[in-house]
Amino acid sequence: EKSEMYCGEVFLLLLATTAFIAQTNGKEVEKTELRVLIYPYIPDLKNDGLKSLRKYIKKEFEAGHPDITLHVDGDPSVHDPYSTDNLKTYLGTNGYDVVEVDTILLGEMVKLNLVEPHPHPGIPLDDSSFLRFAVDAVRYKGHVYGIPTLVCANFLAAMTSENGKDDAVNLIGSFRGSWTLPGHYLNAYINKYGASSMDDGVLSNPPEHSDVLNSIRQFSDTCVRKDGSNPCTDKTYKDNTSAQINDVIKSKSSHFLAYAEVIGQALFTDPSLKVTSVKVPPFGGAGYLQMYTDALVANRNTYKATCWWQTGTRTRRRAGGKQEH
């Protein structure tokens, strides 16, 4: 519950930078409606399709901004922000004012003319409130298109389970899927050739280097079970974090390759689980960690989204000199 509240508080703080706050001067004004779609693939601590989190966000935000009616959506069983057709709908004329997206798709959204850039690229992100690489993730061709909200990465966590009955396993994780495997490939590529080797050409058409592929194959082979099967490369774990978490819980010990939020979900599901170490996945090379950034972006097709940036550029100082947006 504390973790869920923390996520809500962080989201509220960032969302506050996006709100169009009417200047009332003591006069009663009509409420502004703000429609927001949060990123749906975060730990669902209440196991209710993020309903509790959305309710919490709405209640707390409206309490601080009584001139705004907030509508919050984001259900992993309903919303898929990785589909281009869906993004066109979410960021369409009748869509949401603000959408929380994976910035790996930012370039595509810009090319489709779906998102509104900030009129002053250096504001409000040039301060210590944001990780530098997260700020870089919301920039595209010299413009800022979003407010970073979440960063994540794949980690290799050594786990033990007090409730585990099965023998220890070397590896639990997935090497299948239209997003998962390319992500592992790029991570391995960076480790082999360095972060400076990444450019638009590599991202759009990754070269099939045998040494990169071999590093992935060697790592995935550690998942082979006694019967010769490999649930990491067959369809056992593909797009199925529940099956992965279940096997982590059943095993006396294991190494779990997963996004940080999925590891967190496992710990929440079974409090007897313990993490004994967390490492960068062994794709060889320099040990770089490929990070992903989610961000709130403004719908270019709605008036309110055009205004949200205006409030985002205004900051005030807290005691101690800390900026508050």
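Model, not experiment: these values are computed from the prediction.
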Separation between [atom1] of [X] and [atom2] of [Y], rounded to the nearest 0.5 Å:
X: H184; Y: Q290; atom1: NE2; atom2: CD; value: 10.0 Å
X: M109; Y: Y140; atom1: CE; atom2: OH; value: 11.0 Å
X: T93; Y: N301; atom1: OG1; atom2: CG; value: 4.5 Å
X: I38; Y: L150; atom1: CD1; atom2: CG; value: 11.0 Å
X: K31; Y: D67; atom1: NZ; atom2: CG; value: 8.5 Å
X: H71; Y: L37; atom1: NE2; atom2: CG; value: 14.0 Å

inquiry  = Does the plane of the ring in Y96 sit parallel, tilted or perpendicular to the ring in Y90? Use 30° and 60° as the thresholds.
reply    = perpendicular
request  = Measure the acute angle between the ring planes of H143 and Y145, then classify it against the limits of 30° and 60° as parallel, tilted or perpendicular.
outcome  = perpendicular
Salt bridge (Lys or Arg N to Asp or Glu O under 4.0 Å) partners of residues 164-183, not counting sequence neighbours, each pair once = D167-K226
Would you say the side-chain atoms of [X] pair up with the backbone N or O of [Y], donor to acceptor, closer than 3.5 Å?
X: S220; Y: R217; answer: yes
X: H65; Y: F61; answer: no
X: N86; Y: P81; answer: no
X: D44; Y: D48; answer: yes
X: N187; Y: G183; answer: no
X: R225; Y: V169; answer: no

message = Does R54 form a side chain to side chain contact (heavy atoms under 4.5 Å, CB included) with D75? I'd like the steps, not just the answer.
response = CA-CA 9 Å; R54 297 196 305 270; D75 185 333; 4.1 Å; yes
query = Going through the checks in order, is the side chain to side chain contact (heavy atoms under 4.5 Å, CB included) test met by S174 and Q244?
reply = CA-CA 8 Å; S174 177; Q244 297 172 41; 3.9 Å; yes
For [X] and [Y], work out which heavy atoms get closest and say how close.
X: A134; Y: T293; result: CA-OG1, 3.9 Å
X: A188; Y: S215; result: CB-OG, 3.7 Å
X: S161; Y: S251; result: CB-O, 3.3 Å
X: A63; Y: P66; result: O-CD, 4.2 Å
X: L106; Y: A137; result: CD2-O, 3.5 Å

Partner residues of [X] under the side chain to side chain donor-acceptor pair (under 3.5 Å) criterion, sequence neighbours left out:
X: D85; answer: none
X: N154; answer: none
X: N113; answer: R300
X: N240; answer: none

Listed pairs under 3.5 Å, donor-acceptor, residues 252-264 side chains, sequence neighbours left out:
unit_1	atom_1	unit_2	atom_2	d
H255	ND1	N170	O	3.2

Is any side-chain heavy atom of [X] less than 4.5 Å from a side-chain heavy atom of [Y]?
X: V115; Y: V110; answer: yes
X: T222; Y: F219; answer: yes
X: T180; Y: Y237; answer: no
X: V36; Y: L70; answer: yes
X: V99; Y: N299; answer: no
X: W179; Y: I104; answer: yes

Derivation of the side chain to side chain contact (heavy atoms under 4.5 Å, CB included) call for L53 and K46 = CA-CA 8 Å; L53 178 59; K46 296 289 187 179; over 6 Å; no
With N94 via side chain to side chain contact (heavy atoms under 4.5 Å, CB included) - residues at least two apart = none
task = Sequence neighbours left out, what passes side chain to side chain contact (heavy atoms under 4.5 Å, CB included) with L112? Give chain and number order.
result = T84, K88, E108, L114
remark   = The complete set of disulfide (SG to SG under 2.5 Å) pairs with one or both residues in residues 212-265, sequence neighbours excluded, reads C223-C232
Residues E62, I68; criterion side chain to side chain contact (heavy atoms under 4.5 Å, CB included); working and verdict = CA-CA 6 Å; E62 290 182 345; I68 295 177; 5.9 Å; no
remark   = Residues pairing under ring pair (Phe, Tyr, Trp, His ring centres under 6.0 Å) where one sits in residues 31-54, two or more places apart or in two chains, turn out to be Y39-Y41
message = If only side-chain N and O atoms count, and only distance matters, is there a donor-acceptor pair under 3.5 Å linking Y292 with D102?
response = no
key: Any donor-acceptor N or O pair under 3.5 Å, side chains T149, D294   = no
Side chains of residues 275-287: which donor-acceptor partners sit under 3.5 Å, not counting sequence neighbours?
unit_1	atom_1	unit_2	atom_2	d
T276	OG1	A158	O	3.3

query = Is it the case that one hydrophobic cluster holds both I42 and L105, taking links as side-chain heavy atoms less than 4.5 Å apart, direct or via other members?
reply = yes
message = When you group the ILVMFWY residues by side-chain heavy-atom contacts below 4.5 Å and let the links chain together, are L171 and V224 in the same group?
response = no
remark   = Those residues at least two apart in sequence (or on a different chain) that pass ring-ring contact (aromatic ring centres under 6.0 Å, His included) with Y288 are none
task = Using side chain to side chain contact (heavy atoms under 4.5 Å, CB included) as the criterion, point out the one residue from I147, T103, V297 that pairs with V138.
result = T103
query = Yes or no on side chain to side chain donor-acceptor pair (under 3.5 Å) for T69 and E33, after CA distance, side-chain angles and deciding distance?
reply = CA-CA 5 Å; T69 298; E33 289 195 356; 5.4 Å; no
